[in-house]
Amino acid sequence: MSCNLAFALRQGTQHAHALAENTTLMKVWIKGIVVLEVFRELLVNLYFVYDRLEQQLYSHQTHPVVSQIYWPSLNRLDNLRQDLAYFYGQDWQQHIRPQTAGLQYAARIGVVGLTAPELLVAHAYVRYMGDLSGGQQLQRIARTTLSLPLNQGTRLYDFEDLPTVEAKKRFKERYRSILNNLPINQETAQQIVQEANLAFRLNYDLMQALEANLKAALGEATVQSIIQGNRPPLHSARPSVA
Ligand code: HEM
């Protein structure tokens, strides 16, 4: 029997998605402004998140619910390691410092793995479906803005097994159909939607935490003018023309 989870997730997290999309970090990014320091810091935090998520999915790969959505080919950790080596050097592990928000996100995934592994579905959905959707657009912008060489620095968003738009689309359809047929009751489905909202919130908190560095790099006034749709001033102190 279908639990209609794909629809419930999309509908039930619509508001949380809009909030995440409308963070200053995302708004500025979509407008084509990516600050290298902030981008690599985001990757650092996501490294801790994916490390925990993929550890948990691996540990619960025979769980009746988790097993259905466990695809090792979706794993992002190896690609993130390559991105971090590109940005921080071969000894990147010595240089990376996650934010509290990144550690809290990872900690929540750890708690879910220990107490209610079926809710890992929510965390997998939010990250992997996000990377396969808006993430692809974010990758194109980051690559162009930061003038990154092909295949370097944004490997997070490369899905080697799903190389084309069409392959990603087909996979997402398959993912939704599997979500709809998970062996769960309505109560668990609701709990998964609730956990997905929390996952969006944790992403939101992480982006908020990175905002301070974005503003420090670009200047508060420039950030405000970008997100209000004005063109950023060419010079912060432009002489007025009489
Ligand atoms: C500016 C930033 C973003 C843009 C432009 C964006 C855009 C999109 C678009 C166009 C879709 C629909 C794709 C489809 O149906 O094939 C989508 C879906 C999705 N996005 Fe985002 N997104 C953004 C940020 C985020 C963030 C920060 C997250 C969470 C980490 C996220 C998670 C998701 C998820 C889970 C879906 C799947 C929805 C579903 O079909 O059930 N997105 N996004």
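Quick note: residue numbers are just sequence positions, from 1. Order of listing sets the numbers, starting from 1, for every ligand and every atom in it. In what follows, every heavy atom counts, from backbone to side chain, and hydrogens, waters and symmetry copies are set aside.
- Nearest protein heavy-atom neighbour of atom 41 (O) of ligand 1: Tyr125 OH, 2.6 Å.
- Of the listed residues (Gly12, Ala18, Ala20), the one carrying the non-hydrogen atom nearest atom 26 (C) of ligand 1 is Ala20.
- Checking Lys169, Gln11, Arg176, Met26 against atom 2 (C) of ligand 1, the nearest heavy atom belongs to Met26.
- For ligand 1 and Met129, the ligand atoms under 4.0 Å from any heavy atom of the residue are 35 (C), 37 (C).
- Ion pairing between Arg143 and Asp158 holds under the 4.0 Å rule for side-chain N and carboxylate O.
- Protein heavy atom closest to atom 17 (C) of ligand 1, with residue, atom name and distance, is Ser133 CB, 3.4 Å.
- Per-residue contacts place Arg127 under 4.0 angstrom from the following atoms of ligand 1 (heavy atoms of the residue considered): 30 (C).
- The atoms of ligand 1 that sit less than 4.0 Å from any heavy atom of Gln137 are 5 (C).
- Taking the six-membered ring for Trp and the full ring otherwise, the centers of Trp92 and Tyr47 sit less than 6.0 Å from each other.
- Looking at atom 28 (C) of ligand 1, its nearest protein heavy atom turns out to be Phe200 CE2, 3.7 Å.
- Look at Glu21 and Lys27 and you find no salt bridge, because none of the NZ, NE, NH1 or NH2 atoms lies under 4.0 Å from a carboxylate O.
- The pair Arg155-Glu160 meets the salt-bridge criterion, with a side-chain N (NZ, NE, NH1 or NH2) lying under 4.0 Å from an Asp/Glu carboxylate O.
- When each atom of ligand 1 is checked for a heavy atom of Asn203 under 4.0 Å away, the hits are 30 (C).
- Using a non-hydrogen distance threshold of 4.0 Å, Lys27 does not register as a contact of ligand 1.
- Any N or O atom pair closer than 3.5 Å counts here, and Lys172 shares at least one such pair with ligand 1.
- Counting only N and O atoms by type, the side chains of Tyr157 and Asp83 include no donor and acceptor under 3.5 Å apart.
- Closest to atom 32 (C) of ligand 1, if we only count protein heavy atoms, is Gly130 CA, 3.5 Å.
- Atom 21 (Fe) of ligand 1 sits nearest to atom NE2 when only the N, O or S atoms of His17 are considered.
- The shortest N or O to N or O distance between Glu21 and ligand 1 is not under 3.5 Å.
- Atom NE2 of His15 sits in a sparse spot, with 12 or fewer heavy atoms from other residues, nucleotides or ligands closer than 6.0 Å.
- Geometrically, Arg76 does not engage Tyr128 in a cation-pi contact defined by less than 6.0 Å to the ring centre and at most 45° from the axis.
- Asn79 places no side-chain N or O within 3.5 Å of a backbone atom of Leu156 that could act as its donor or acceptor partner.
- Using the six-membered ring where Trp is involved, His123 and Tyr105 have ring planes that are tilted, between 30° and 60° apart.
- Close approach of ligand 1 to Met207 (heavy-atom distance below 4.0 Å) involves ligand atoms 27 (C).
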